[in-house]
Amino acid sequence: MAAAKTRSSSFSGNLSSAASSLGPGLKCGPNGTVLLSSGIPDLDKILGGGFPLGSLVMVMEDAEAPHHMLLLRNFMSQGLVHSQPLLYASPARDPRGFLGTLPSPAASKDDKSRGPEPDQLQEKGLRIAWQYKKYFGENQLNFDGQRDGKHKYSNEFNLRNPLERHFINGQRVDCFSIQDSPDLSILQDRCTTFLSQLPRNDGSISCAGRIAIQSFCAPQCVYSNMEWEMLSFIRSLKNMVQSSNSVAIITFPPSLLSPSFCKRWQHMADTLLSVKAIQDDDKELAQLLTGYQDMIGFLNVHKVARINTQVPVILEATTFSIKLQKRRYLILECLNQAPVDGSSGTSYGTSGSCSSSSKTGNLDF
Amino acid sequence: MNQRSSNLLDEALGLDQASEPWPLKGRVVAIEDRVETSGSFILHHLLKRSLSRNSSNVSIFIAFAQPFSHYDRVLRKQILGWNLVSQRDNGRFFFFDMLKLQCPVGDEGITPGGGLIALYGKIHKTISALPEISQKNVSIIIDDLSLMEVAANGSSDHVLDFLHYCRTLTSEFDCSLITLNHEDIYSTEDGSTFLLQMAYLADILIKVEPLATGLAADVHGQLTVSNKGRNKASNFHFKVKENMVECFYPGRSRD
């Protein structure tokens with residue numbers, strides 16, 4: 001929700017600049033950063049609120065499954081719902097076609113309820129308090145605003161319903177195919193132009209932008225063997241994003257890079273995630289974890305952005321299972337060990353981590 | 001701010017004694033980190049020590065990784081009532097923003113590594129222009145070398161040349177050179193020569209690594225300090241906080 005926070009205090013100084021008003025889809029984060037949502041409420045919670053403006057997010061793909069596309073879709077939809085300008089680059093011939101697959105925000109009726117029905121509670125509350133509505137004033141607007149998907153910081157997206165056309169048309173959406181570019185200068189120029197509309201200055205941030213680059217080193221791209229040029233591009237994109245009000249997300253298949261360059265790319269990222277496919281019918285994993293049947297993959301959080309601070313973010317868990325609730329909502333869950341079957345005599349698996357080594361052989365320790 | 005508690009890291013570097021010649025004078029310190037454990041907190045720590053030591057110390061910070069505002073915010077939390085902006089205005093802190101430096105591709109013949117040569121010239125000029133007393137107390141800090149390699153389009157030779165030139169400054173002006181690089185970006189076949197060269201060049205080598213058991217909330221990793229000058233090697237655990245770094249031996253929570 002758009003929150004206009006005004007603080008009157010005797011302290012002046014640029015440290016409190018974030019107190020000024022923020023546009024839709026933005027909220028204040030720690031250390032003077034401003035956050036925007038990833039489009040996946042569970043991921044926002046894991047990362048401490050969302051992606052900070054000025055950060056670079058990198059996602060390592062798994063060649064066996066297109067789960068990174070789920071992350072991209074939700075990220076892009078969230079931006080469009082909040083009217084945030086978007087630049088999308090992909091190796092496909094017609095990247096605009098991808099926009100047709102973006103999910104729409106879940107209508108409040110379909111909202112999966114993790115607790116008691118919110119509607120009923122609100123109505124009860126209304127019945128009692130309706131005469132006091134006149135005293136609420138501004139709060140009442142927020143209250144109604146909760147039901148309207150647009151003003152929420154973060155939406156649940158229904159992957160089965162496509163995003164309404166009006167979100168895409170008439171918006172600053174720029175799509176670009178990187179397949180035939182002989183080098184990265186065109187993409188660089190497009191990014192520069194896009195980001196020049198979103199300069200960062202001390203003051204209110206009315207609008208933040210999103211850049212999504214998919215499968216950056218895909219082999220069908222002409223430049224994909226120019227290792228140092230790609231790294232250079234990432235570095236300059238990171239610099240441009242740092243000094244603008246935007247977040248850039250780049251997905252790439254790590255197996256297509258040499259190990260040393262893969263590490264260099266990982267160092268570049270402020271937030272580093274990876275997705276992994278899950279084998280169907282892996283009996284050992286099925287024994288290890290509860291809810292295995294519903295999982296479609298794993299998400300690993302390797303690094304979380306630390307802006308304006310030197311303290312690293314250490315998460316309690318770094319591996320999460322990706323599930324589709326009711327086959328439409330993307331959720332991330334912590335891994336839970338299944339109860340040990342005493343009769344078979346197998347021992348506990350390693351707690352929570354599901355690296356590929358756990359699939360092989362026995363898991364005694 | 002004279003009162004400061006020293007810790008194991010200071011001891012390993014010889015900074016715990018308040019002896020007059022700054023122990024890192026004329027020395028090269030190389031810091032190597034990894035994706036899991038970033039070593040930039042050591043740069044902040046050394047910068048803090050250098051600038052709070054005595055009023056004639058000067059630091060030249062060559063930044064490839066983050067803009068000035070990031071370091072300003074981080075250092076503000078380290079020492080209360082103190083900030084980089086005023087240090088910069090007093091001529092004790094020079095910030096060279098190299099975020100946009102990119103050597104043009106393929107002009108090998110004309111100015112190979114032209115940007116780096118210009119950078120060296122700038123550093124030399126800055127030091128020469130300092131008052132006599134400060135000239136003897138300069139620290140050059142580079143964050144970080146892997147990005148300098150990217151700026152030089154991958155030619156680590158140019159970067160090594162630049163570092164050798166900077167090393168001449170350590171003998172000409174007795175300044176200290178502190179660099180940060182990543183240990184895990186070099187493959188064993190060809191790239192490890194750069195790391196070996198740095199290890200050879202360095203008087204003090206600090207490795208920042210995760211624990212063998214992975215990351216934890218109480219212990220962020222381990223530091224291994226090899227101090228050639230004192231013929232000493234130390235290994236201990238660390239935890240990074242907003243305003244300092246806590247160092248302790250394994251099994252203890254403080255030293």
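Every chain is numbered from 1 and lettered A, B, ... according to where its sequence line falls, protein lines coming before strand lines.
If you tally non-hydrogen atom pairs under 4.5 Å between each of B/D184, B/V245, B/D33 and chain A, the highest count goes to B/D184. Among A/W265, A/W228, A/F261, the residue with the largest count of heavy-atom pairs under 4.5 Å with chain B is A/W228. Top candidate by heavy-atom pairs under 4.5 Å with chain B, chosen from A/S232, A/S258, A/C262, is A/S232. Between chain A and the residues B/G154, B/A151, B/A216, the largest count of heavy-atom pairs under 4.5 Å involves B/G154. For the set B/L147, B/D72, B/L215, the count of heavy-atom pairs under 4.5 angstrom toward chain A peaks at B/L147.
When every heavy atom of A/R306 is checked against every heavy atom of B/S40, the shortest pair comes out as NH2-OG, 4.2 Å. Closest heavy-atom contact between A/P312 and B/V240: CD-CB, 3.8 Å. Listed here is the closest heavy atom pair of B/A217 and A/I314: N-CG2, 3.9 Å.
B/D144 and A/H267 form no side-chain donor-acceptor contact under 3.5 Å, judged by distance and modelled atom types alone.
A/M268 touches chain B through its side chain: at least one heavy atom from C-beta onward sits under 4.5 Å away, while N, CA, C and O do not. In this structure, chain A has no heavy atom under 4.5 Å from any part of B/T37.
In this structure, the separation between OG on A/S243 and CG on B/L99 is 8.5 Å, given to the nearest 0.5 Å. Annotation: the span from A/K238 atom NZ to B/Q66 atom CD amounts to 6.0 Å, rounded to 0.5 Å.
Under the 4.0 Å criterion applied to side-chain N and carboxylate O atoms, A/K303 and B/E36 are not assigned as salt-bridge partners.
Partner of A/Q310 under the side-chain contact (heavy atoms from CB on, under 4.5 Å) criterion, out of B/K77, B/H44, B/H70, B/K241: B/H44 alone.
Contact annotation: the side chain of B/P67 approaches that of A/Q242 to within less than 4.5 Å [non-hydrogen atoms, C-beta and beyond].
Between the A/R235 side chain and the B/A65 main chain, no donor and acceptor come within less than 3.5 Å of each other. Side chain of A/N308 to backbone of B/R73: no donor-acceptor contact under 3.5 angstrom is found. Checked by atom type and distance alone, the side chain of B/E242 never pairs as donor or acceptor with a backbone atom of A/T309 at under 3.5 Å.
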